[in-house]
Every structure is written in structure tokens, then in C-alpha cells.
Peer 1: 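I have a structure here, written as C-alpha cells, and I will follow up with some questions on it.
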Number of protein chains: 2
Amino acid sequence: MRAQAAYDELIRRTREESLLASCAELLGWDELTYMPRGGVGHRAEQMALLAGMLHERGTDPRLGELLGVLEGSELVADPDSPAAVNVRELRRVYDRQTRLPRTLVEETARVTSVAQREWEAARADADFARLRPWLEKVFTLKRREAELLGRGAAPYDALLNDYEPGATSAELMRLFEALRAELVPLVHALTANPRRPNRDVLQRAFPLDRQRLLGAEVAAAVGFDFQRGRLDTAIHPFCSSIGPGDCRITTRFSLHNFRDAFFAVLHEVGHGLYEQGLDPVHYGTPAGEVSSLGLHESQSRLWENQVGRSRPFWDHFFPRTHQMFPEALADVEPDEFYFAVNRVEQSTNRVRADEVTYNLHILVRFELEQALVRGELPIAELPAAWNEAYRRYLGVTPADDAEGCLQDGHWASGQIGYFPTYTLGNLFAAQLFARAAADLGDLDVRLRRGDFTGLLGWLGEHVYRPGGLYPAARLIERATGSPPDHRPLVAALRKKYGELYEL
Amino acid sequence: MRAQAAYDELIRRTREESLLASCAELLGWDELTYMPRGGVGHRAEQMALLAGMLHERGTDPRLGELLGVLEGSELVADPDSPAAVNVRELRRVYDRQTRLPRTLVEETARVTSVAQREWEAARADADFARLRPWLEKVFTLKRREAELLGRGAAPYDALLNDYEPGATSAELMRLFEALRAELVPLVHALTANPRRPNRDVLQRAFPLDRQRLLGAEVAAAVGFDFQRGRLDTAIHPFCSSIGPGDCRITTRFSLHNFRDAFFAVLHEVGHGLYEQGLDPVHYGTPAGEVSSLGLHESQSRLWENQVGRSRPFWDHFFPRTHQMFPEALADVEPDEFYFAVNRVEQSTNRVRADEVTYNLHILVRFELEQALVRGELPIAELPAAWNEAYRRYLGVTPADDAEGCLQDGHWASGQIGYFPTYTLGNLFAAQLFARAAADLGDLDVRLRRGDFTGLLGWLGEHVYRPGGLYPAARLIERATGSPPDHRPLVAALRKKYGELYEL
């Protein structure tokens with residue numbers, strides 16, 4: 001068989017599989033937004049049917065034959081060509097799907113499904129003992145998965161590879177350690193400082209319909225295209241890409257919490273801008289998709305933090321915000337508001353953490369999940385190890401396990417190796433933003449006048465349109481001139497918070 | 001192969017096909033409600049993929065083998081058993097799908113897709129010449145389809161069979177002619193009468209959010225289960241059943257038209273109650289589905305007309321309506337309002353027609369489409385024939401073809417044989433309602449106090465739960481004691497409008 005014919009067939013199959021997966025994506029979006037409660041049973045059957053069909057297509061031996069014809073052919077000689085990228089990435093996914101026996105996949109689905117329900121109950125009662133046996137089962141299954149996938153690599157890395165292809169735990173550990181060494185003293189210095197913002201101003205009554213309106217206005221202002229997207233309400237904010245031209249984000253609104261909905265919108269808008277900016281020519285193939293979770297997260301964090309928590313951003317949007325919430329913000333000055341959205345706090349909660357402490361929360365999880373996978377930390381000792389790590393890195397101790405190691409559901413749902421992508425996203429975001437600012441020269445001035453086109457254009461060129469052509473670390477190096485690096489984030493945090501807290 | 005094993009496999013395949021079709025149903029619902037404009041191209045690809053997969057499954061020769069094993073077996077000895085119904089109906093659908101060559105199906109899809117766009121443009125410009133060549137193509141293709149499906153039956157009946165299995169045009173013609181003979185003089189008497197309601201009261205300003213609220217309140221009050229359904233806004237009202245426990249209806253709101261949204265809600269609620277009342281045990285098989293469009297329409301019409309335009313209904317809901325629209329209805333008395341929602345008018349427009357003239361609009365279309373299929377009426381002569389029929393039956397002449405034969409898109413979209421199901425629905429509705437009233441004894445009293453449970457229970461027993469177990473005409477006969485009959489509708493109209501117009 002000729003390579004070109006094999007490639008054409010491979011791509012046709014891949015696109016069709018993506019098209020089918022995008023049907024499941026819409027069903028998933030609907031389930032979390034508009035589906036009536038009574039639809040839940042039927043929706044589970046629909047999803048199972050599509051998942052089964054996708055698995056059948058994804059493990060079709062024909063894919064292995066086609067990949068075999070293509071690997072080593074002239075067509076993939078240039079490793080950066082879309083064809084080479086597609087063949088490499090489709091091989092990775094095909095191997096992953098075919099190396100795991102169906103029994104293991106089904107057992108993992110069954111166990112994690114129960115474990116998630118048990119986690120919810122355990123968290124509600126702060127009862128770790130209830131979750132323990134389930135976590136033990138999950139980690140046992142994931143260790144087995146890692147053995148089958150890893151072929152000699154560190155088991156943790158085999159799992160990490162599913163979220164961040166090409167990354168290794170050794171590399172991440174080096175980056176994260178360097179970050180920790182800088183952050184721990186910075187957090188101490190900031191929180192020891194008697195100067196402190198008045199967070200109360202963000203907890204006054206912010207009418208929901210106005211929050212919704214402001215969220216949509218800001219999303220459109222920064223460039224989210226509502227002709228090719230939507231903003232809806234869901235219990236947990238998320239971004240769902242249904243297809244080119246159809247990207248949907250969600251948020252949630254609560255009356256006395258301005259930050260929650262507003263920054264969730266900006267976060268999801270960041271994901272959405274990335275999806276909307278991908279090259280549609282490669283849609284449905286790896287070359288046209290975001291190549292890692294860390295990269296995806298870099299875009300949500302960039303718009304949420306580097307842009308959305310910046311002084312120029314609020315110089316532009318505070319007047320409008322003030323106008324929309326005349327009662328809540330009547331006596332609030334721009335300085336006070338800007339400081340309030342940037343309050344740094346040593347807390348036990350990851351989701352509500354500020355951008356300075358956030359990565360310390362991740363570091364705790366990253367270290368612990370490696371120890372759990374290696375079997376060095378017995379599940380039974382997790383609560384104590386968790387609390388000890390929080391004391392060490394954040395200087396706080398959870399009141400109970402609900403505030404401690406039960407706060408996140410990732411492990412119960414089998415997502416081992418996911419957490420570090422959050423911090424990678426923060427590092428990438430700071431690197432990209434610093435480079436964009438240097439290239440554009442007057443980024444602050446642009447942001448202050450509400451002009452986001454320069455930044456969007458830069459990201460489009462260096463991040464969005466390249467899509468999945470490069471592994472994350474290489475894309476970062478191409479875009480910024482440096483490999484993944486903790487220093488731009490540290491420098492940005494030192495500068496911003498040094499000014500805010502008058503260190 | 002043993003019959004039971006064949007049946008089990010047939011049902012497993014059928015349920016899986018239904019499950020896949022229900023995924024397409026959700027995509028279709030989303031397209032008409034929430035999909036952003038930019039999603040249209042990708043949605044078409046998703047729908048084409050699912051349609052292709054459904055076609056492949058629906059024409060799998062294995063189905064023919066299974067049906068062959070089952071036909072004549074003990075398992076289907078009782079013709080009213082779910083197994084017999086399923087085998088009979090699956091045979092009908094399988095034959096239909098396999099007798100039509102793929103080229104014809106694809107050509108029809110292509111031509112009707114263009115013809116619909118051309119119809120929209122032709123209607124906008126009242127330019128029949130623009131649509132003419134496309135209608136010619138459509139009718140040529142549908143005649144070919146009828147030949148392949150009909151196997152000797154009248155070509156029109158082969159098409160009709162797709163919407164109303166088991167019905168024949170001769171039978172319908174007899175019913176419809178009898179109806180016409182009564183309606184034409186009744187309409188003349190009513191519209192010649194100087195007594196006339198003041199329709200203006202329904203064209204005042206009715207705030208949209210209040211219309212939405214009232215629509216949802218009334219839907220819930222009559223029994224639509226919002227735990228297992230939704231009400232959304234779409235350009236054209238429709239009802240979409242995603243699965244058991246998930247039935248979604250839509251309507252549209254306009255400020256100066258109370259009737260449009262309100263009766264569309266009741267109409268779609270009627271469809272929805274039917275879907276919500278089907279027996280979930282047979283879900284995904286013909287025995288668990290509504291067996292004809294006429295039956296489905298009977299339920300929408302029953303709730304829209306027999307219930308929703310009745311005096312007892314408004315005795316109950318007028319006070320609440322008055323309260324919700326204090327400005328629009330300040331000076332309006334219940335009698336005046338009730339008369340206004342029941343104004344009879346000789347008009348050129350089907351969709352906005354009242355319940356007395358409505359079936360005359362259908363009769364025009366039914367007669368013309370039969371003549372078109374038989375080739376007795378050349379497409380070029382359609383406008384003149386249309387206008388002549390309107391003059392004869394309704395005493396009015398359209399100002400142009402946009403008001404005339406271009407008003408409906410059914411023919412351009414290839415739906416030949418669909419129109420008569422609207423009138424069948426009206427006839428069935430009147431028969432069922434009269435019988436329910438006789439059985440319940442005090443239906444008016446119940447409706448007047450807003451108690452819809454008795455009627456709903458009666459319909460559940462006689463119409464909803466039997467689902468697809470009987471062909472429409474037999475279900476009507478079982479439920480009412482009489483075969484399809486025009487007299488209950490005529491009697492109900494004579495009584496109601498005789499009182500209203502003081503004939």
C-alpha cells in the first residue's frame with residue numbers, strides 16, 4: 001500500500017471519529033446545561049453507545065496497519081509536518097487504546113464511577129475512611145494501567161503522558177521545586193504584611209442578571225466570538241468545543257461573590273479563544289488540536305490572571321463595572337477594587353486560591369500522587385501527609401479532611417497526573433505573556449484602552465494557529481525563545497504583589 | 001435459528017438504532033434552539049454522519065434475515081402482541097429503506113435541500129416561477145419513490161403510508177368530503193353573521209416574559225412534567241422527544257400576538273403529554289412509539305382546541321391571565337376574551353386559521369397534491385388551481401402566490417402526503433374528546449376548576465400507553481367505539497360556534 005493512500009484513509013477515519021466524538025461532546029454539554037433531570041438515565045445510555053462505537057473505531061486493527069505503512073515513510077520524514085505529527089500522535093493514542101485490555105478499562109470505569117459518588121459522600125461527612133478502600137482500588141488499577149502503558153518508563157510518567165504528552169515527572173519536579181523555593185518565602189512575606197485588601201467589597205450584593213451581562217460584555221470585548229460560541233450557566237464552569245465555529249463556555253453566578261463568576265468567565269474565555277483560534281484546516285486531526293492540558297490551561301490562566309487581574313484591565317473595566325453595580329460599589333475606589341481582586345491568602349482551598357499561593361496547592365498534590373503511585377505512601381496515611389505538606393508549604397492546617405485531602409475529586413475519578421498541568425499552565429501563561437508584552441512593546445497601554453487585538457493576534461500566531469504541531473515544551477520554546485521556565489512567573493508575581501503590598 | 005433468539009437480536013438492534021437516532025434528535029433540537037450560527041456547517045456534517053450510520057444499520061441484510069425467521073412464527077401469532085406489532089412495523093420500515101436505491105435517496109435529499117432554499121426565496125418575492133422547476137424535480141422523484149414503494153398501490157398512497165401507515169387516500173377522501181359538505185355552509189353562516197368578536201384585544205402589548213411565564217404555568221397545570229421536559233424558544237414551535245424522561249417543546253413569542261405563543265404552547269404540550277405518557281417498557285421499538293402522524297396531531301389539537309379554546313378552560317385561566325396582563329386586559333371581560341380566541345374567518349392562511357376553517361385549507365392541499373402526484377395537474381398550473389380551490393371552499397382569493405400556493409414549505413421539502421394527517425388529527429381529537437367527556441361525565445366541571453387529571457388519565461389509558469400497538473384507525477375505534485368519523489368534530493363545532501355566534 002502506498003503511503004499517500006494509507007495517510008488519506010487514516011485521516012478520513014480520524015476525522016470521522018472526531019466527528020462522532022463531537023456528537024458525544026454536545027450530549028455532554030447538554031447534560032450539564034439544559035437536560036431535564038428525567039433525562040439522566042437515557043443520556044447515560046446514549047453516552048455509553050457512542051463511547052463503545054468510538055472505542056471500536058479507535059482500536060480497529062486497520063489503524064495499526066495504516067500506521068505501520070506510514071511510519072518510516074517519506075511522508076513523515078519532516079517531523080514537524082502535519083502528516084508526521086498526526087501519525088506520531090495517532091500512534092500514541094492507538095497504542096494506549098489497544099494496550100489496555102477491555103476488562104481493565106471497564107473495571108476502571110466502574111470503580112471510578114462508584115469512587116466519585118463515595119468521594120462526594122465522604123467529603124460531605126469529612127469521612128476519609130469511607131473513601132479509603134475506593135482510592136486503594138483506583139490507585140491499584142492506575143498502577144496496572146501505568147505498567148501496561150509505560151513499557152519501562154516510570155509508572156507515574158505513563159499516566160502523566162495522557163494529559164501532558166512528552167513531559168516527565170523529573171523535569172516537572174525540577175521546575176516546580178525551583179518555583180517552590182521562590183514562592184514559599186514570597187507568600188510568607190506577603191501574608192505577614194499588615195497591609196491587606198478589603199475583600200468585603202467583592203462580597204456585597206451583585207445582582208445576577210448584571211453579573212451575567214457584564215460577563216458576556218467582557219467576553220465579547222476581549223474577543224470571544226459569540227457568532228461561534230455561547231455562554232451558559234452550569235454548576236461547574238467549563239469550556240466545550242463542539243466543532244469549528246461552535247465553542248461553548250459556562251459559568252455560575254452567586255449573589256455575594258463577584259469574583260467567582262467573573263474570573264470563571266475569563267478563565268473559560270481563555271480556553272474558548274484558544275479553541276476558536278485553532279486552524280480549521282486541521283480540524284479533527286491531532287495537528288489541529290491543542291496538544292496538552294498544560295497548554296490549554298496556559299490560555300485560561302493568561303486571560304484570567306495576567307490579563308484579568310491586571311491593573312490596566314481594571315483601569316479599563318472598573319468604570320463599567322462600577323456603573324453596572326452602583327449600589328455594591330458606590331463607595332469603592334479603583335485602587336481598593338483592584339487590590340481586593342488580588343488578595344493573597346494562606347488557605348486550605350485550591351479552587352479559591354489566589355495566583356500566588358495556587359501553585360503551592362498543586363505542589364502538595366503533585367508530590368503526594370507520585371508517592372501514592374510508587375506505593376511509598378499508603379492511602380491510609382494520605383490525610384496526615386496532606387496536612388503536613390500544607391503546614392510546610394502554606395503554613396496552614398485543614399480543620400478536617402473535607403477541607404484537606406477530600407477537597408478535590410480528581411483522584412477518585414482516576415485522574416492521576418492531571419494536577420501538575422495546572423501549574424504548567426501558570427508557568428506557560430507567564431512566559432507567553434511576558435514575551436507578548438516584549439514583542440508588542442505597549443501591551444499595558446493597549447489593555448488600558450480595552451484593545452485586546454494585539455495580544456490576541458500574538459497568541460493566534462504563536463499559540464492558537466500552530467495547534468498541535470509541536471509538543472507543549474517545544475511550542476513554548478518556539479513562542480518565547482526559552483524552554484519552560486519558572487522565572488517569568490516569579491518575576492511577574494514579585495513585581496505585581498510587591499507593588500500592591502508595598503514590600 | 002429459533003424465533004426467540006431472532007426476536008431478541010432484532011429488538012437489541014432496533015433499540016440501539018433508536019438510541020443512535022435519539023442522539024441525532026438532540027443535535028436537531030440544539031440546532032433550532034441554542035446552537036450558535038457558526039456551528040451550522042459542522043452540525044450538517046454531524047447529522048450526515050449519524051444519518052449514514054442509521055441508514056447502514058437500517059438496511060443491514062441481517063435485519064431481513066431476522067424478519068424472515070420471525071414472520072409466520074408462533075411468536076407473532078397474536079397480531080396485537082408487541083412482538084407481532086414490532087415485526088410488522090420493522091418489516092415496513094426495512095422494506096421502505098431497502099427498496100429505495102441509495103442514489104434516489106441522495107438525489108432526493110439534495111434536490112429537496114435546494115428546493116427548500118428556493119421556496120424561501122420564491123415566497124419572499126411571491127415568485128412562483130422560481131420554485132416551479134424545483135417542484136417539478138421533487139414530484140418526479142417522489143413519483144419514482146412511490147413506484148418503488150407502492151408495488152401496485154396508488155402512488156399517492158405509497159407516500160401517504162410513510163406518515164399514516166395503513167391509511168388510503170380513498171378512505172380519507174370519503175371522510176374529508178363528508179366533512180367539507182358540512183363545513184363549507186357552516187363557515188358561510190358564521191362569517192356572514194354581523195356578530196363578530198373584537199380580535200384587537202389579543203393584539204395589545206403582552207410583555208414577553210409574562211407570556212413565557214404564563215405558558216410554562218399552563219403547561220405544568222395541564223400536566224406537562226418539567227422534570228422530564230423543557231420549554232424553550234425557537235423560530236418555529238416544535239416538540240422533540242430525546243428519550244423517555246426527556247421531551248422538549250418550543251414556542252415563539254411576539255409582543256402583539258397573544259394567541260400565537262399561547263396556543264403553540266398548548267399544541268406542543270399536547271404532543272409532549274403523548275410522548276411523556278408512552279409506556280417506557282417498549283421504548284425504542286415500534287410498539288412503544290406513536291404509530292401515526294394523525295394520532296400525534298390528534299393530541300396536539302385536542303389540548304390546543306378542545307381544551308384550550310373551550311369556555312371551561314378560560315373560566316379557569318382567564319382570572320390568572322387577566323392578573324398577568326393587567327394593562328392589556330384591563331377593560332376586557334371574560335366573554336369578550338373567549339370570543340376573541342375563537343374568531344372564525346375566511347382567510348388565505350393555513351397556519352393562522354381558526355379551528356372551523358382549518359380543515360378546508362387542508363382539503364385544498366390534499367386534493368391538489370393527489371392531482372400533482374397522479375400527473376393530472378401540471379406544476380405550472382398549480383397557482384391557478386390553488387386560487388380556484390380557495391375561492392370554492394373558503395370564498396377568498398390570495399393576493400399573490402406568497403399568500404397562495406407558496407405559503408407552505410411541505411412540498412418543496414418532499415413531504416407529499418403529510419397534509420391530510422393534520423385533518424385526521426382534528427377528527428381524531430374531536431372523537432376522543434367526545435368519548436372522554438361521555439366516559440368522565442363531568443369533564444366541563446373538572447376543566448372549569450383546573451383539574452386536568454381525569455382527562456389525562458383517560459388519554460393515558462386509551463391513547464398514550466397503547467403507544468404503537470394498534471394502527472391509528474383501530475386505536476380510535478378501540479378508544480371511542482367508532483371508526484374514524486367526521487361527525488363528532490362537526491357536532492362540536494356546530495354547538496360551540498352556534499352559541500358564540502348566536503346562530
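Just so it is clear: chains get the letters A, B, ... in the order the sequence lines come, proteins before strands, and each one is counted from 1. Computed over heavy atoms, backbone and side chain alike; hydrogens, waters and symmetry mates excluded.
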Peer 1: Residues two or more places apart in sequence or in another chain: which of them pass salt bridge (charged side-chain N to carboxylate O under 4.0 Å, His left out) with E327(A)?
Peer 2: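 Scan of E327(A) (salt bridge (charged side-chain N to carboxylate O under 4.0 Å, His left out), adjacent residues dropped) gives none.
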
Peer 1: Quick one, N86(A) with Y7(A), criterion side-chain hydrogen bond (donor to acceptor under 3.5 Å, both in side chains). Give me CA distance, side-chain angles, the key distance, then yes/no.
Peer 2: CA-CA 9 Å; N86(A) 283 334; Y7(A) 187 68; 3.0 Å; yes

Peer 1: Which one, P244(B), G41(B), C23(B), G243(B), leads in non-hydrogen pairs under 4.5 Å with chain A?
Peer 2: C23(B)

Peer 1: Who among D232(A), T33(A), D246(A) has the most heavy-atom pairs with chain B under 4.5 Å?
Peer 2: D246(A)

Peer 1: Which atoms of M47(B) come close to chain A, meaning under 4.5 Å heavy atom to heavy atom: side chain ones, backbone ones, both, or neither?
Peer 2: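 For M47(B), neither part sits under 4.5 Å from chain A.
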
Peer 1: Within the 3.5 Å criterion, strictly below it, is a donor on Q46(A) or S22(B) matched to an acceptor on the partner's side chain?
Peer 2: yes

Peer 1: May I ask you to check whether S240(B) and E25(B) show a side-chain donor-acceptor distance below 3.5 Å?
Peer 2: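 Their side chains do contain a donor-acceptor pair, which is all the 3.5 Å distance test asks for.
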
Peer 1: Do you know which of L50(B), D30(B), I242(B), D225(B) has the most heavy-atom pairs with chain A at a distance under 4.5 angstrom?
Peer 2: D30(B)

Peer 1: Please look at L20(A) and chain B and tell me whether the side chain, the backbone, both or neither of the residue comes under 4.5 angstrom of a heavy atom of that chain.
Peer 2: both

Peer 1: If you count heavy-atom pairs under 4.5 Å with chain A, which of C247(B), A24(B), G39(B) comes out on top?
Peer 2: G39(B)

Peer 1: Salt bridge between D60(B) and R62(B), side-chain N to carboxylate O under 4.0 Å?
Peer 2: no

Peer 1: Is Y283(A) close to chain B through its backbone or its side chain, or both, or neither, when contacts mean heavy atoms under 4.5 Å?
Peer 2: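 Answer is side chain: those atoms of Y283(A) sit under 4.5 Å from chain B.
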
Peer 1: At what distance, to the nearest 0.5 angstrom, does OH of Y274(B) lie from CD of E289(B)?
Peer 2: 11.0 Å

Peer 1: May I ask you to name which of R248(B), E16(B), E45(B) has the most heavy-atom pairs under 4.5 Å with chain A?
Peer 2: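 Option with the top pair count is R248(B).
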
